[in-house]
Amino acid sequence: MRARVCLVVIARNEAARIARLLDSVRPWVDEMLVLDTGSTDDTAALAAAHGARVAHFSWCDDFSAARNRALELAGGDWHLVLDADEWLIAGGEALLALRDAAPDFVGTVALEDQFFDGQLHSSAHSRLSRLLPGPVRYAGLVHEQPVHQLPKRDLPLRVGHDGYLPERLHHKQGRNRQLLERELDQHPDDAYLWYQLGKDAYVYEDYELAESAFARADALPHPQDGWWFDLMARRLFALKQLKRHAQGLELAEQQLGICGDSPDFFFTLGDLLLDFAADEPAQAEALLPMIEQAWQRCLALGERPQHSGAVAGRGSHLAAHNLALLFDAIGRDAQAQQLRHAHALRPRAGGMSGSADLRLPRYMQRFRCIGGDCPETCCGGWSVAIDRASYQRYVQIRKEPLASLMRQYLRHDPKGSASRQATLALREDHSCPMLDEQRLCRIQREQGEVALSQTCREYPRLHGQDGLLMQQHASLSCPEAARLALTDADALDWVQTQMPAAQALALPLFRRRPPVAPGETDLVRAHAALITEVAMALLRLPDLSASQSLVLIGMLLRRIAAIEEGGEAGMLALADAVEQTLAPNRLAAAPRLLAGMQIPRRAQLSLLWEATARYLNRHGGRPSFRRLAEDVLQGLGLSEGLDVGTQRLEQVALPRLAALEQAQPHLLKNLLLNELGKSLFPHGDRAGLEREFMALAVRYALVRLYALGLAALRGEAFGADDLVRATYVVSRNIEHHRDFLPELLADLEAADALRLEVLATLVL
C-alpha cells in the first residue's frame, strides 16, 4: 500500500496568503489539512475553496498543541508541515517519491526567508525539519521542534517565507516574546531558547534585549549547530548598533575558530569595524585593513546557504558592493571598478544582484550524498587534495582525536597551489584516515560540512563553463549520481537557475569552452554549440537506441571532420551535413538500416575485452573493477575462449540488454547525454574531433560490454541496477587510474580500430 503524504498547516487570519501556499503544494500531496486557530477573516473558506480539509482549534498559546492536533487529524504516513506565510518554490517531485518510501527518517527543507534590510529586499537561508513521519509530534510553546530519534535527510524542497517583511512583522509583535519568556521560566538553561528570544528582539530592533539574550545563549552549554553562525552575526550587528565596538571586536576574536567559515560573520564584522572607524577617526588607519580583510574573506568563502540564517549575497555581491565603496573612499578606483564589473552582473528590481546563470541536468537538483549507505564510498583510494583555506583550518584543530589524525596524515606541500596546498595520506587499506568506526567522515561530523576540503565538498559535482554560461554535471563514478542520472527518464532534461557571481567565479572548472573568438576560422570551434545540440537531439530520438544514435553522431562528425573549407563555405557545408543527417526520411530509415548491420561480434569482444584484460594484467585496477571483470569473465564464459564468449554474447547477453533498453530506453541514452554535457563535447578543434569522439565512444563501449557480461551472469535478475553498477565501477576506474583509458585507446589504435569507420564494431 502506498504511503499518504499530507500537507499540515495551522493558520489564523491568513486570507491574503493561504491560497498561495495551497496552490503551490496541491499537485504533490494526497491531502491538505488546514487547522484554523480562530480566524476572523476568510482564511477557512479560502482554504476549503483551494482544496484543503479545514478543521478548527481554540488557540491556547501553545504552538505545539496546535501542531499536534493538526497532525493527529491529518493522520498521514508523511506530514509536510508549513505555515501560511510560506510556499513551495521547487522540489515537489520529492514529495511524490515519498509514496514509495518508508517513513523512517525526518526530511529537512531549504527555507528562504525574505526580509527588508533597510535598503532592499534580501533573503536568508536555513534548513528545517518539516517533513515528518506520521507518529512524530512537537514540543515547545513557541519555536517548537519535532521530537524524534530518527536520522535526518536533506530533501530538494525549497520553501519561501515572507513573514519577516515589515508589513507582516507588526501583526506578530509581542506574541512570540511572551511565549518564549514563559518557556524560559521553565527552561532557563536552554541556549536555543535564549537565541530565539534574542532573534525576536533583534527583528524588532530592540538591540539591548537582543544582546542580553545572545550573551546568555553564549554563556550556556550548546551544540555547535548551524544556528550558532546566525547568532554570532546578529550579535555583532547588535553590538554595532549599541556602539560597543571594542566588545564586538573581542567577541569576534573569541569566535574566529568556530565561525571562520561563515561569510555572515565576517560581513557583520566588517560592518562593525567600519562603524568603529567612523566613530573614532583616530583608529581608522589601523581599522581599514581589517575591514578590507573581513569583506575579502566573505568573497573567498563564497555563499554558504547551508548555514542556518545565511543571508544571500554576503558571500558575493553584498560584500563586493561594500568593498567597492571602501576602495572608492580610499582612492583605489581601479579595484573598485574591477569589483563592480565582476559582481554587478545583472540589475534586478529592489537592488543590484551579482548573479550568474547556471545550467544543470535535473538529476543534479535531486542529488544528495547517501554517506554510509553508498555501495562504494568515495572516501578511499583517491588522491585527496586539500586547498589552502582547508589546510589552514585543519592545522588549527585542537579537538582529539581529529587533531592527532591531522598531525599524522596531513601532508603539507609548501610549493602547492591554492587548490592543492596539502594532501591526506591514506591508510594501508587505501581508506581515508578521517573515517570513523561507522565509515563516516570525522571532519564533517565534528566540524560540519563547511569544514570539508574543496575536493570532498565538490565531488561528484563537475563544473564547466560554456562561453559565459556555467554548467554543472556529476561524475558518474559516484554510485548515487549514476543511479539518478541513468534511471530517471527526465534526469538529463536541462534546468536553468542562478548562483552568486562570486561563487561562480570561485568554482573549480572541469572543462571550459571559451566564447567564440571574432574571426574564428576553425569550423568546430566556431560552431561547437551547434554540434553539441545536434548530437543531443540525435540521442533523444525515440526510435533509435543509444548505440544507434551514437553511430549516427559518429557519421555526422566524420563528415564535419572532412570539411576543409573555412568561412561561409565551411558553414554552408556544415549546415548541409546537419540537414542531411536530420532529414526525416533518413531518420526514418536509420533504425532498420542499423539493425540490419552485420556486426563481427567476435572481433568486438576481442578488441574490448582483450585490451582491458591486458591493462588488468599490467596494473590491476581498483578492487571493484577487478570484481566486475571477474563477473564478466564468468558471465560470458571467456575463460573458455572467445568462441564461447561470442556465443554467450549473442544468445544470452544481447537479448537481455535489448529487453532492458526496450523497457527503459533512457538508461544508456542518459549515460551518453551526461558524458556529452560533462565534457562540453566538442571542446577541441576540427583536427582533434574524431579522436575526442572516439574516446567518448570507447568509454561507452566499455560500460556496455561490462553490462552485457552482467546480463549473461545474472539471467532474469538482470536490470537497471546492474547497468548502474557497470557505469560507476568503470567510470571510477577510469578516473582513479588515469592511464587506463589512454592505454586502452593506444591498444585499439594499434589494432587500427580507433577510427570512426569501425565505430559500429565497438558499440552496436
Side-chain angles (χ1 to χ4, degrees), residues 374-378 380-382 459-460 462 473-487 510 546-547 550 604-605 607-636 638 645 649 653 657 660-661 667-679 681 693-714 718-748 753-754 762-763:
C374 188
E376 186 172 359
T377 178
C378 56
W382 298 80
Y459 179 81
L462 297 172
H473 288 76
S475 165
L476 299 192
S477 59
C478 167
E480 179 65 4
R483 183 186 69 82
L484 292 172
L486 268 59
T487 59
F510 171 74
S547 297
L550 193 61
Q604 180 188 65
L605 193 57
L607 285 169
L608 291 172
W609 174 254
E610 292 185 356
T612 53
R614 281 192 294 273
Y615 180 86
L616 285 167
N617 290 332
R618 287 193 298 261
H619 303 289
R622 289 181 61 84
S624 60
F625 186 63
R626 293 197 300 270
R627 289 193 297 271
L628 179 61
E630 289 168 2
D631 286 346
V632 173
L633 188 74
Q634 179 183 347
L636 292 176
L638 287 166
L649 183 72
L657 181 59
L660 178 62
E661 280 199 89
L667 290 170
L668 283 170
K669 290 191 173 191
N670 283 3
L671 168 62
L672 286 168
L673 286 167
N674 194 76
E675 291 301 310
L676 285 171
K678 179 189 77 174
S679 62
F681 177 89
F693 179 72
M694 288 304 295
L696 183 148
V698 168
R699 186 168 181 146
Y700 166 82
L702 276 176
V703 172
R704 184 172 177 274
L705 170 67
Y706 277 70
L708 286 165
L710 292 178
L713 177 73
R714 302 254 297 143
F718 175 72
D721 289 345
D722 296 296
L723 184 54
V724 169
R725 179 192 170 199
T727 297
Y728 74 73
V729 171
V730 170
S731 298
R732 184 161 292 199
N733 197 70
I734 289 173
E735 292 176 19
H736 180 72
H737 293 277
R738 297 301 175 89
D739 53 355
F740 174 41
L741 192 57
E743 284 194 20
L744 189 65
L745 292 171
D747 277 356
L748 291 172
L754 205 62
L762 296 176
V763 303

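Owing to the predicted nature of the structure, the values given are computational and were not obtained by experimental measurement.
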| Sub-3.5 Å donor-acceptor pair from the side chain of Y459 to the main-chain atoms of C478, do we have one? | yes
| Ion pair check, D721 and R714, cut-off under 4.0 Å | no
Do the non-hydrogen side-chain atoms of [X] and [Y] ever get within less than 4.5 Å of each other?
X    : Y    : value
L696 : L550 : yes
D722 : L660 : no
L705 : L605 : yes
Q604 : L649 : yes
S679 : H473 : no

| Residues that Y615 engages under ring-ring contact (aromatic ring centres under 6.0 Å, His included), provided they are two or more places apart | H619, F740
| remark: Hits for ring-ring contact (aromatic ring centres under 6.0 Å, His included) against F510, two or more places apart or cross-chain, chain-then-number order -> none
Which value, rounded to the nearest 0.5 Å, describes the distance between [X] atom [atom1] and [Y] atom [atom2]?
X    : Y    : atom1 : atom2 : answer
L702 : T727 : CG    : OG1   : 11.0 Å
L671 : L476 : CG    : CG    : 6.5 Å
R699 : L745 : CZ    : CG    : 11.0 Å

Output a table of donor-acceptor pairs, distance under 3.5 Å, between side-chain atoms of residues 706-713 and any protein atom two or more places apart or on a different chain; print 'none' if there are none.
none

Can you name the closest pair of heavy atoms from [X] and [Y] and give their distance?
X    : Y    : answer
A546 : Y700 : CB-OH, 3.7 Å
A697 : V763 : O-CG1, 3.9 Å
R704 : S547 : NE-OG, 3.4 Å
A485 : N670 : O-ND2, 2.9 Å
S477 : R732 : O-NH2, 3.0 Å
A726 : V703 : CB-O, 3.9 Å

| Qualifying residues under salt bridge (charged side-chain N to carboxylate O under 4.0 Å, His left out), relative to R483, sequence neighbours excluded | E480
By side-chain hydrogen bond (donor to acceptor under 3.5 Å, both in side chains), which residues pair with [X], not counting sequence neighbours?
X    : value
E675 : K678
T612 : none
S624 : E376
R614 : D747

| task | Using the test side-chain contact (heavy atoms from CB on, under 4.5 Å), find all partners of A720 that sit at least two apart in sequence or belong to another chain. | result | T487, Q664, L667
| For P623, side-chain contact (heavy atoms from CB on, under 4.5 Å) partners two or more places apart | R626, R627
| query | Run the side-chain contact (heavy atoms from CB on, under 4.5 Å) check on V632 and W609 step by step: do they pass? | reply | CA-CA 9 Å; V632 173; W609 174 254; 4.0 Å; yes
